[in-house]
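Please read the structure below before turning to the comments.
Heavy atoms only: backbone and side chains are in, while hydrogens, waters and symmetry mates are out.
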Amino acid sequence: MTQILGRLRRSTAPVIAGVVIVVGWELALLILNPGGFVLPPPSDIIGAVFENWSEVFDAARNTGFIIVTGLVVGVLVGVAAALLVTRFRLANEVITPLAVSLNAVPIIALAPIFNAWFGLLSPRSNQAIVVVLVFFPIFINTAKGLTQVEPSQIELMESYAAGKWTITREVRIPNAMPFFFTALKLSTSLAVIAAIVAEYFGGRQDALGPLITQSAGLTRYADAWAAVLAGTVIGGMLYVLTGALERVAMPWHTSMRADQQSN
Amino acid sequence: MSAHAVAVKAASKVFNQGKSNEVHALDEIDLTVEDGEFITLIGPSGCGKSTLLRLIAALTEPTGGEVEVKGKSAEQARLDQDYGMAFQRAGLFDWRTVSKNIELPLELMGWSRGDRVRRAGEMLELVKLPEFGGHHPSELSGGMQQRVAIARSLAFSPSLLLMDEPFGALDEMTREHMQDELLRIWSETHTTVVFVTHSIPEAAYLSSRVVVMSPRPGRIATIVDVDLGDRSDDTREDPAFFEKVTEVREALRAVESA
Ligand SMILES: Nc1ncnc2c1ncn2[C@@H]1O[C@H](COP(=O)(O)OP(=O)(O)OP(=O)(O)O)[C@@H](O)[C@H]1O
Ligand SMILES: [Mg+2]
């Protein structure tokens, strides 16, 4: 019971803050009346969502598809690479420097080039951008979690004559879970940004990126903001989903228990 | 089997050999432990007790000499799962419940689920934590975690037990209880025990031989034979027991002042 109350209290604070910001925003525009339509009041944005519901919804669905598929592939590749690197020395010598130099490349800046590779209107280039961008934090953090294991825990397993894969399964992977989920949360917001910005340069035209650029170009700012709002909702949903996954995957995790108790 | 339980022959261990941070942890250690014997290692911090235990466990290799366990190389004995080890740090897995931690070695040895669960239950009774099976280790105090680690090391009834200060974090009464339980298990199962401790009375109470080590480089200074017969609560107040405590203390003092 106290847990439920605590959880309620934790989730009410941001909701109240959100309401205050939105109402303040609406009132400020009403009172100051700056003129022009650069920053429309929240009511106009909500109105724009309902007015162009099918357009906004289709765009959100198409961009959402790119985000989710890119995220899934990027995460799978990142985790696989991390497992290889921590398990085989040769893989480490090949993949790690490659990944680190990849991280130095401003990936988003490659969007126009990817479009040239995959075809200007193909969503593949946008997916590829998301995959590459998600890969790095997942790879680095998971690899860190797989290697930063207490030496005595490895020795314990060796004292049972456990082999390398058994140690990976029983010790390294559970140990990497918190690292992985930290990276996953970071990756979800990265993926949303990457997909929309990549869409500015090419890919499907019925997606959030083009909807933003085109609406802004036609000075239909409320529509542009409606598309941004849709992107925000996708990001929020992914974040909540990640949090739920985390709780299922790591019921033991102390940081969660700790903040339950602090309420 | 006529072989010794453990035979350490002129074993040395140098860490970071040839580098500026070189450490002579152990120097030409000779030690044999007979089947069914209970010996303790005692000595100042850093004298190489844990290192010697890890050599016997084949968790690290000697830089000189050799170590045999049950007549075979220590490495072969490790692969044959011939010993159970309790480490200085409890080393429990947070992602497993207390019961599942105790079941881990049994799982790796292919015990059936039913047998594992039953055994974990027995072990939890033994260390007086029967109601904590479903908890996660982070919910337990340090001493309770150590008791779980002891239960885990005993779970598969290894014929050789290597224990590194297993009772270090326990309060005095629990400690005495665990000592008596360990002695009971030892005499009932004819296990061989090599036990590291910092406590002089504990060494005298538990073992038939106390190996006193000196530091830098780690060597065996003296071995004190303890012949007190079957231990009981009376032993702890027996003048013969205090004599042994004094003997070990003096051996240690000689080591520390050398
Ligand atoms: N992995 C290692 N690398 C380098 N030096 C080490 C390593 N392990 C131990 N040593 C050194 O070897 C010496 C003996 O260490 P050891 O842990 O065996 O001591 P100990 O007798 O168990 O001490 P304590 O009673 O404090 O547990 C110490 O000087 C320590 O610094
Ligand atoms: Mg030690």
Side-chain angles (χ1 to χ4, degrees), chain A residues 2-3 6 79 82-83 86 141-142 144-184 244-263, chain B residues 50-51 53-61 69 74-98 100-111 134-140 145 148-149 152-153 155-156 158 160-165:
Chain A
T2 47
Q3 270 185 21
V79 169
L83 281 169
T86 47
N141 281 286
T142 308
K144 199 188 276 175
L146 289 170
T147 42
Q148 286 184 359
V149 178
E150 226 189 277
S152 67
Q153 299 193 329
I154 302 289
E155 288 198 331
L156 179 79
M157 295 301 285
E158 284 174 346
S159 83
Y160 300 138
K164 289 246 192 303
W165 278 120
T166 309
I167 294 177
T168 298
R169 190 185 67 229
E170 295 292 340
V171 184
R172 294 188 188 278
I173 291 178
N175 189 69
M177 285 290 197
F179 294 80
F180 169 77
F181 277 105
T182 304
L184 187 59
L245 267 179
E246 185 178 30
R247 271 187 291 277
V248 173
M250 304 190 297
W252 70 85
H253 197 37
T254 41
S255 71
M256 290 184 207
R257 241 194 317 279
D259 67 31
Q260 265 173 25
Q261 277 164 4
S262 70
N263 281 289
Chain B
S50 298
T51 305
L53 216 57
R54 290 168 69 247
L55 279 185
I56 298 171
L59 295 174
T60 184
E61 275 183 32
V69 174
E75 175 64 9
Q76 190 56 48
R78 179 181 75 85
L79 294 175
D80 293 347
Q81 302 171 328
D82 278 337
Y83 66 84
M85 184 147 181
F87 289 83
Q88 199 164 351
R89 304 179 63 178
L92 300 174
F93 297 120
D94 260 341
W95 44 87
R96 286 175 165 258
T97 61
V98 164
K100 290 272 179 197
N101 265 283
I102 298 174
E103 287 176 41
L104 175 65
L106 310 179
E107 250 174 75
L108 296 173
M109 286 167 196
W111 287 39
H135 285 64
H136 282 277
S138 55
E139 297 167 321
L140 271 55
Q145 292 183 14
V148 176
R152 179 177 60 188
S153 69
F156 66 100
L160 172 62
L161 256 176
L162 306 174
M163 308 184 93
D164 198 348
E165 299 185 38

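- Heavy-atom neighbours of B/Glu61 CD from other residues, nucleotides or ligands within 6.0 Å: at or below the threshold of 12.
- Rounded to the nearest 0.5 Å, atoms OG1 (B/Thr60) and CD (A/Glu158) are 10.0 Å apart.
- Looking at B/Leu59, both its backbone and its side chain come within 4.5 Å of chain A, counting heavy atoms on both sides.
- Summarising the geometry, atom OH belonging to A/Tyr160 is positioned 15.5 Å from atom CG belonging to B/Leu79; distances are rounded to the nearest 0.5 Å.
- Comparing A/Thr166, A/Ile154, A/Val171 by heavy-atom pairs within less than 4.5 Å of chain B, the highest count is held by A/Val171.
- Contact annotation for residues 175-184 of chain A against chain B (heavy-atom separation below 4.5 Å, listed by residue number): A/Asn175.
- With a threshold of 4.5 angstrom between heavy atoms, A/Gln153 approaches chain B through its backbone and through its side chain.
- Note: B/Arg89 leads B/Glu107, B/Arg89, B/Met85, B/Met109 in heavy-atom pairs under 4.5 Å with chain A.
- Only the backbone of B/Leu92 comes within less than 4.5 Å of a heavy atom of chain A; no side-chain atom from C-beta onward does.
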In sequence, state the C-alpha distance, the side-chain angles, and the governing distance for A/Glu155 and B/Arg54, and then conclude on salt bridge (charged side-chain N to carboxylate O under 4.0 Å, His left out). CA-CA 9 Å; A/Glu155 288 198 331; B/Arg54 290 168 69 247; 2.4 Å; yes
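- For the pair B/Phe93/A/Met157, a side-chain contact is recorded, criterion being any heavy-atom separation below 4.5 Å from C-beta on.
- Your options are B/Asp80, B/Thr97, B/Leu108, B/Asp82, and the one with the most heavy-atom pairs under 4.5 Å with chain A is B/Leu108.
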